[in-house]
Amino acid sequence: MAGILYLMAFVLQKESQKADEYLREIKEQSLLSEAVRQCVEAAGHEHEPETQKTLLRRHFTYRRNDNTHWFTPSLSQLLSLNFPPEQFVSMCRDLRVLNAVRDYTVGIPLTHTQFKQMTVQVLIDRLVYRKLYPLAIEVCRYLKTPEYQGVSRVLKHWACYKVQQKEESDEVIAKAVSVKLADAAGISYSEIATKAYESGRTELAIKLLEFEPRSGEQVPLLLKMKKSPLALSKAIESGDTDLVYTVVMYLKNELNRGDFFMMLRNQPVALSLYKQFCKHQEQDTLKDLFNQDDDHEELGNFYVKASYKDQRLEARVALLQSAVDEYYKAKNDFSAKTTEDEMRLLRFQRKLEEEKGEQLVGFSLHDTMTTLLSVGLHKHAEQLYKDFRVPDKRFWWLKLKALAEKEDWEELEKFGKTKKSPIGYLPFVEVCIKHHNKYEAKKYVSKVTPEQKVKAHLAVGDMEGAAEAAIERRNESEISTVLSRCSATTDHLLMERLNRAKATAVKK
Amino acid sequence: MASHLFCGRVNLNILREAARKDLREFLDKCSGSKAIVWDEYLTGPFGLIAQYSLLKEHEVEKMFTLKGGRIPSAAVKNIVFFVRPRLELMDIIAENVASEDKLKPREFHILFVPRRSLLCEQRLKEKGVLNSFTNIDEYILDLIPYDGDLLSMESESSFRVRQSLNECYLENDQTSLYHAAKGLMTLQALYGTIPQIFAFHVANMMLRMKREFAGSHTQILPVFDTLLLLDRNVDLLTPLATQLTYEGLIDEIYGITNGYVKLPPEKFAQKKQGEGGKDLPTEPKKLQLNSAEELYAEIRDKNFNAVGAALSKKAKIISAAFEERHNAKTVGEIKQFVSQLPHMQAARGSLANHTSIAELIKDITISEDFFDSLTVEQEFMTGVDTDKVSTYIEDCIAQKDPLIKILRLVCMQSVCNNGLKQKVLDYYKKEILQTYGYKHILTLKNLEKVGLLKPQSTMRNNYPTIRKTLKLWMEDANEQNPNDISYVYSGYAPLSVRLTQVLARPGWRSIEEVLKILPGPHFEERQQVPTGLHKKRQPGENRTTLVFFLGGVTYAEIAALRFLSHMEDSGTEYIIATTKLINGTSWIKSLMDNPEENLP
């Protein structure tokens with residue numbers, strides 16, 4: 001049928017009425033669309049542009065007839081017709097590309113079938129291979145190939161070719177490349193630079209790398225070219241820790257230790273990363289680094305850490321002494337003094353361990369005192385309290401809890417009477433109750449300050465006392481607290497009293 | 001399975017699907033039956049991407065935990081290591097590979113998460129095993145979809161990593177910022193270029209990102225209008241405060257990891273008749289918490305004091321729904337009722353769970369301890385006596401309360417006073433070292449390095465200025481029907497979220513004085529969006545802002561941002577991204593340094 005259509009078109013071109021007859025014939029066989037499709041396809045196989053045109057024109061002819069309008073259809077009309085135009089449009093495009101490469105100046109006589117099989121990508125590759133860069137770019141633009149696979153790729157190939165042109169100077173080439181590639185997306189300058197380096201033009205390679213927006217991409221080549229300081233700064237710029245490490249490790253093997261350290265010194269980011277690495281992998285190097293920087297604070301910390309790795313007390317104390325020295329050099333008096341305290345404590349603990357057989361070494365001051373109290377070594381605990389200038393309040397809490405834990409109520413009572421408690425007596429009440437000793441707890445209720453009376457009475461479960469105290473103080477919120485703890489069945493009378501008091505307290 | 005990811009304004013499931021696709025592709029690269037050897041840390045984050053069923057579909061037959069020695073025998077063709085790029089893990093892998101049975105060799109593969117590392121490969125080479133691997137690949141898992149409006153990198157202690165670098169170069173941090181930038185690139189590849197960027201304190205990352213993004217324009221209509229990068233250093237205060245939302249308290253008390261919480265089992269014992277109460281479960285109850293659960297989505301962001309009422313209201317609705325069955329007369333009505341039954345039963349189960357959790361939390365929130373420490377926190381935040389030694393903290397140390405509680409409070413006092421007087425600071429430090437042990441000296445130093453603890457410089461305390469200008473303290477915070485973000489901390493409006501709120505309206509220009517005080521410069525950048533991709537907003541359509549918290553975000557901050565999203569005429573909806581979900585405890589913990597721990 002396509003044949004008939006072709007014939008018809010031919011006749012139509014001469015404006016003959018016969019066309020209508022041909023058309024009707026095809027229409028009757030309801031194969032119109034098939035015929036059109038064949039026409040378009042046939043155009044693809046035609047090498048002569050004029051024949052291609054005729055065949056493609058059939059497409060329009062048919063449409064015009066179908067609509068019984070005899071004017072040139074606009075694109076929008078084309079689209080509004082129910083025959084899908086995609087095939088037609090893409091065929092037109094393909095043919096244009098094919099016609100271009102079939103030109104004698106190019107000389108790639110491809111058939112449409114061949115073209116379809118080898119894909120646009122390969123065609124572009126072939127053009128690139130023949131160094132027909134402008135045409136390749138034209139094709140990419142015309143076929144709207146995504147920039148990354150299309151124009152950018154061609155430009156990259158062009159640049160790779162350009163950098164091998166020995167007769168031109170580095171400056172000229174670098175400039176030409178940068179100008180041409182400026183607007184292209186996703187160009188890998190490092191690849192181009194590699195090409196330049198491979199053709200023995202290191203200086204040009206470095207120049208080109210400058211254009212690479214992704215610093216990370218520059219690093220491997222720079223290392224290859226033995227431009228390690230530049231590689232290091234580019235790696236740092238990239239922000240990719242792993243890349244920095246890679247360069248640092250490379251440098252570590254390449255340079256002697258002194259030069260290596262010097263180089264790190266000029267790159268603080270690399271230095272701190274390397275320190276991180278050493279912290280986990282090479283403790284001794286870490287120390288050397290701190291030494292080089294006169295970083296006494298960090299050296300102190302280093303010795304403190306080391307002291308925990310040694311089991312022998314003498315070694316630990318010696319390491320702590322080194323830490324103290326460093327902290328003083330760093331003018332960190334607080335750290336130095338507390339470290340000295342720790343040394344003192346360790347010696348004390350060791351001595352007592354030997355004398356009394358109690359395990360103490362490594363405990364905090366607080367835990368040491370607690371342990372001593374719990375085994376009845378009150379004097380020794382007192383000694384620590386004085387030697388280390390433990391605040392009274394803390395020592396009282398500590399002793400109170402330790403004695404209650406031991407259930408040494410007698411000693412606790414004695415302790416409570418030694419002097420006026422700096423923490424008051426409510427803690428005594430509460431700690432006794434916590435250890436389920438209401439009897440002992442009651443002993444301290446009377447000593448509690450007026451503000452805490454209600455709480456103390458409530459703690460020991462003395463509702464009457466609590467009510468008494470609250471009413472006496474005419475404190476509404478305290479009265480309410482007591483009320484909330486009263487039970488309606490047993491404390492009936494008490495509640496009445498409280499409510500009355502509350503009323504007056506409110507009035508007040 | 002991932003229904004919680006659909007419910008937000010932005011479909012975060014696209015991200016999850018992309019991650020799943022990559023995983024499948026890698027698994028198929030190692031053809032044949034396989035066993036995965038897991039770096040234990042990764043199992044949690046991976047759980048957010050894929051369940052075991054997906055792995056099984058791709059012939060994963062066994063899973064082991066990475067440890068030294070020989071890999072347990074398994075009749076599989078491939079052994080695949082899923083690991084973070086860490087040298088110590090490479091040593092273990094090398095040991096595994098070296099002790100492999102030479103007679104029945106299996107193929108080895110490594111999948112680095114989130115990125116391949118030359119350093120690690122070098123290590124494997126040194127150990128002589130690099131050539132034993134058929135595939136070495138990377139699985140780029142930067143931002144993991146966590147909930148409908150939440151992405152997390154789930155990185156380990158990212159705040160610490162930042163700080164342990166030389167302190168002069170805090171802002172020059174590498175790893176975590178690098179990963180964050182990469183994560184944002186992935187995000188923009190899927191959701192389009194974000195036209196407008198605001199950033200605080202993260203200049204380098206901004207510049208780097210701009211460079212890297214150049215030339216990678218995506219042809220996608222931008223989903224996000226604005227990106228706000230917030231560095232945790234800008235707001236050190238918020239994470240220290242006790243969160244008072246329901247979800248925040250669950251996290252404070254029990255800790256939520258990778259979307260799961262483990263709870264004491266007693267309250268969840270199934271009360272079945274006939275069995276008696278003798279076998280109480282001893283395993284902790286593990287619950288997944290996300291917005292897929294209707295009730296949880298409703299109450300998670302409420303102030304805890306409003307949760308009780310919400311639960312009882314829900315209970316009434318559910319029992320009313322069950323009562324409906326008495327009204328069902330016709331076959332049709334009964335059928336209708338039965339069809340709703342599974343949904344109703346799920347709702348009842350969920351109600352029972354949350355009632356139990358609420359009871360557990362209430363036991364703690366009504367305790368005197370909780371109340372006292374909250375009172376002190378609020379005093380600090382309102383600027384009461386922040387320049388003196390606090391007797392409350394003193395007493396807590398004397399009673400040897402948990403160290404982290406002490407550190408949180410001391411740091412908070414320091415932040416609210418813009419540093420402590422040297423005498424006060426030294427006193428606290430000495431008390432802590434004497435009570436909890438000298439070994440914590442390094443922890444204290446770390447806290448000083450990051451600025452959570454510091455001696456007062458000659459500069460005056462500028463916290464009150466920040467507090468007043470940004471209205472960080474709202475006296476009449478409404479917990480039941482909130483009208484301001486301050487409800488999440490019962491009075492304190494998180495600084496980070498306030499900054500976000502002001503940025504949307506009326507804009508940062510209105511608070512320039514405060515911006516000058518806050519650490520680090522702030523930036524605004526615009527990214528070119530390809531022509532034709534400019535978003536045309538319908539009138540009344542909200543803007544979408546991505547808020548990226550570098551260094552961690554708390555659940556209460558998230559709740560506050562959700563509150564802003566839902567607020568009438570707020571005009572902006574927020575999607576949240578972070579390096580890690582944190583609370584004060586986990587945050588301080590990540591900064592602790594215990595020299596006894598790493599003993600050989």
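Computed from heavy atoms alone, side chains included, the values below leave out hydrogens, waters and symmetry copies. All chains are named by letter (A, B, ...) in the order of the sequence lines, taking the proteins before the strands, and each is independently numbered beginning at 1.
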Side chain / backbone / both / neither for E394(B) at chain A, heavy atoms under 4.5 Å: side chain

Face-on cation placement of K439(B) at Y308(A) ring, 6.0 Å and 45° thresholds: no

CE-CG distance between M249(A) and L118(B), expressed to the nearest 0.5 angstrom: 12.0 Å

Main-chain N/O of Q399(B) paired with K401(A) side-chain donor or acceptor, under 3.5 Å: yes

Part of V390(A) lying under 4.5 Å from any heavy atom of chain B: both

Cationic N near anionic O, under 4.0 Å, R116(B) to D242(A): no

Residue part contacting chain A, namely of Y436(B), when any heavy atom lies under 4.5 Å: backbone

Note: K455(A)-E368(B) ion pair, threshold 4.0 Å (strictly below): yes

N/O donor-acceptor pair under 3.5 Å between E431(B) side chain and R394(A) backbone: no

Part of Q122(B) within contact of chain A (heavy atom distance under 4.5 Å): neither

Contacting region of L119(B) [heavy-atom separation from chain A under 4.5 Å]: both

Under 3.5 Å side-chain donor-acceptor pair for K445(B) and S335(A): yes

